[in-house]
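For reference, the structure discussed in these notes is given below.
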Amino acid sequence: MKRVSVLVAAVAVAVPVLASPALASGPTFSADVAPIFQRACQRCHQETGIGPMSLVTYDEVRPWVRQIRDRVERRIMPPWHIDRTVGIQAFKNDFSLTDAEIDTVVRWVDAGAPEGNPADLPPPIDWPPASDWELDSMLGQPDLVVSSTPYTVTANGQDQWWNPTIEFEGIPEARWIKAAEFKPSYPLGVRVVHHGHVRLQQPEDDFVVRLAGMGVGKRWEVLPEGVGKLVQPGPAQVRFSLHYFPVGETVEDDVVEVGVWFHPRGYQPERVTEGEVRLLIDGTFTSGPRARDLIIPPHGYLTLEHAYVMDRPVMLHSYRPHMHMRGSGMSMEAIYPDGTRELLSSVNRYDHNWQIQYIYEDHVQPLLPKGTVLMFHSHYDNTVNNPINPDPDQWVLFGARGVDEMSHAWVGMTYLEEEDFAHLAAEREAAAASDNGR
Ligand code: HEC
């Protein structure tokens with residue numbers, strides 16, 4: 001304390017002008033940190049976002065700087081759990097911080113978190129109301145909205161499920177889905193809906209389409225250019241599958257809405273997509289390891305693996321691992337027909353509190369020829385080293401509650417005709433060759 005005050009006094013008396021240039025060379029909130037927070041934090045940390053506090057103004061940020069330094073330096077915030085050292089790294093929705101940005105935030109906090117000159121602030125972002133569709137700013141209001149029936153989530157207790165089936169008169173003509181969003185109610189629904197999905201089905205026609213899937217941190221999906229998902233006309237059932245988790249407050253009559261945006265009438269997509277497909281690693285409904293084989297001993301680890309053989313060429317556009325509280329990582333690897341292996345993506349810091357979808361940039365979407373094996377490895381950590389382990393003394397078995405375990409990956413998949421595959425693969429090769437030539 002004493003030394004500091006002496007120094008400041010000495011500087012103030014002897015060379016007052018030198019003090020500010022030295023400080024001004026370090027990062028300030030207004031000039032350097034606010035732009036980072038706008039890009040990477042405020043989506044959740046603004047007045048109506050899902051984050052616990054707003055990080056918009058200097059006054060709002062100032063009390064949190066120690067926690068911010070800690071979460072940012074350890075890459076806990078923003079939530080982004082992909083291994084940055086292996087696999088594909090170009091994502092459409094990457095809001096993680098670069099090493100340089102982390103360095104800026106850390107240096108700024110260490111220098112006393114100076115505000116700087118408010119004139120340097122970037123123009124504020126006008127965040128849309130949290131009760132509105134997130135896709136509204138991009139696509140306007142949805143063409144179709146279906147709602148779940150009300151469900152009251154109790155204040156305390158364990159996981160709760162609500163799977164209502166809604167009779168739906170249907171749309172008058174076949175349409176192709178371009179985007180869909182899953183919107184829990186605001187302000188309480190967004191806190192209790194952990195994940196869910198909704199399907200439209202016409203049992204007599206054997207027709208099913210998954211309209212939307214949601215997990216904390218992932219509410220919507222916009223399909224890649226030229227790709228569509230078909231909805232047939234006519235009466236249908238809309239089946240919701242909602243997984244709620246209580247937050248200490250009763251949520252009366254929660255209703256989830258699902259919005260669907262269609263391609264224009266008469267549109268014919270170049271490719272038909274399956275959208276996000278659930279690939280099971282715990283083998284619940286397949287011939288892999290059976291559910292009863294998912295047993296994790298107290299203070300132990302477990303790795304499961306499962307392989308899928310692609311019986312047609314396929315393009316992948318997204319990857320979203322799903323496990324529960326003991327889940328610690330999941331990787332997706334391609335073993336090509338010639339035997340070469342490529343680790344496509346690895347989430348090595350999985351956190352059950354988040355269900356992030358990693359959406360590949362168009363030019364890196366994996367193109368897998370027929371016969372490729374898609375190999376998944378899921379890892380569980382039931383030790384004290386897992387920060388969200390509720391009780392490492394317990395045996396953990398397969399089950400639907402957050403304290404039980406499961407394992408699957410939601411993978412955005414579009415099957416391709418052989419010709420289309422050859423064409424896309426050639427395009428990719430040509431682009432790579434011209435990059436190398438540069
Ligand atoms: C996708 C939404 C989202 C983004 C983006 C996000 N956060 Fe968070 N943040 C949350 C939520 C939800 C919590 C509370 C739960 C938790 O701690 O995981 C939280 C918690 C925190 C905490 C801990 C608060 C406490 O109670 O101690 C800090 C600090 C924080 N965030 C800072 C940031 C910073 C800085 C950024 C950007 C660099 C950021 N967050 C980006 C959603 C987000």
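Every heavy atom of this structure was used, including side-chain atoms; hydrogens, water molecules and symmetry mates were not. One-based numbering, in listed order, for ligands and for the atoms of each. Along the sequence shown, the residues carry numbers beginning at 1.
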Distance filter under 4.0 Å to [X] heavy atoms, resulting ligand 1 atoms:
X	value
Val72	35 (C)
Gln67	27 (O), 29 (C)
Arg43	1 (C)
Trp64	24 (C), 25 (C), 26 (O), 27 (O)

Item checked: His195 ring center within less than 6.0 Å of His197 ring center -> no
Checklist line | is_close_aromatic(His306, Tyr308), centroid dist under 6.0 Å | finding: yes
Checklist line | Nearest-option assignment for atom 24 (C) of ligand 1, heavy atoms, candidates Gln42, Met53, Arg66 | finding: Met53
Notebook entry, point to check: Would you call the rings of Tyr358 and Tyr319 parallel, tilted or perpendicular, where under 30° means parallel and over 60° means perpendicular?
Noted result: tilted
Next item on the list: Report yes or no: is the cationic atom of Arg39 (NZ for Lys, CZ for Arg) closer than 6.0 Å to the six-membered ring centre of Phe95, at no more than 45° off its axis?
Entry: no
Check: Does NZ or CZ of Lys229 fall inside the cone over Trp176's six-membered ring, less than 6.0 Å from its centre and within 45° of the axis?
Finding: no
Item checked: Under-2.8 Å protein N/O/S neighbours of atom 8 (Fe) of ligand 1, ordered by chain then residue number -> His45 NE2, Met77 SD
Next item on the list: Please confirm whether Ile50 comes under 4.0 Å of ligand 1, counting heavy atoms of the residue only.
Entry: yes
Checklist line | Protein heavy-atom partner closest to atom 5 (C) of ligand 1 - residue, atom, separation in Å | finding: Ala40 O, 3.2 Å
Next item on the list: Under the salt bridge (charged side-chain N to carboxylate O under 4.0 Å, His left out) rule, what do Arg401 and Asp404 come out as? Steps first, then yes or no, please.
Entry: CA-CA 5 Å; Arg401 302 174 306 171; Asp404 306 318; 2.9 Å; yes
Item checked: Partner of Arg320 by side chain to side chain donor-acceptor pair (under 3.5 Å), out of Glu276, Glu221, His408 -> Glu276
Check: Out of Leu304, Thr303, Val396, which residue meets the side chain to side chain contact (heavy atoms under 4.5 Å, CB included) rule with Tyr380?
Finding: Leu304
Note to self: In the complex you have, is atom 15 (C) of ligand 1 within reach of the protein, judged by whether a heavy-atom distance drops under 4.0 Å?
What the structure shows: no
Notebook entry, point to check: What do you reckon, is CD of Glu47 surrounded by more than 12 foreign heavy atoms closer than 6.0 Å?
Noted result: no
Next item on the list: Answer yes or no: is there a donor N or O on one side and an acceptor on the other, between the side chain of Glu405 and the main chain of Ile296, under 3.5 Å?
Entry: no
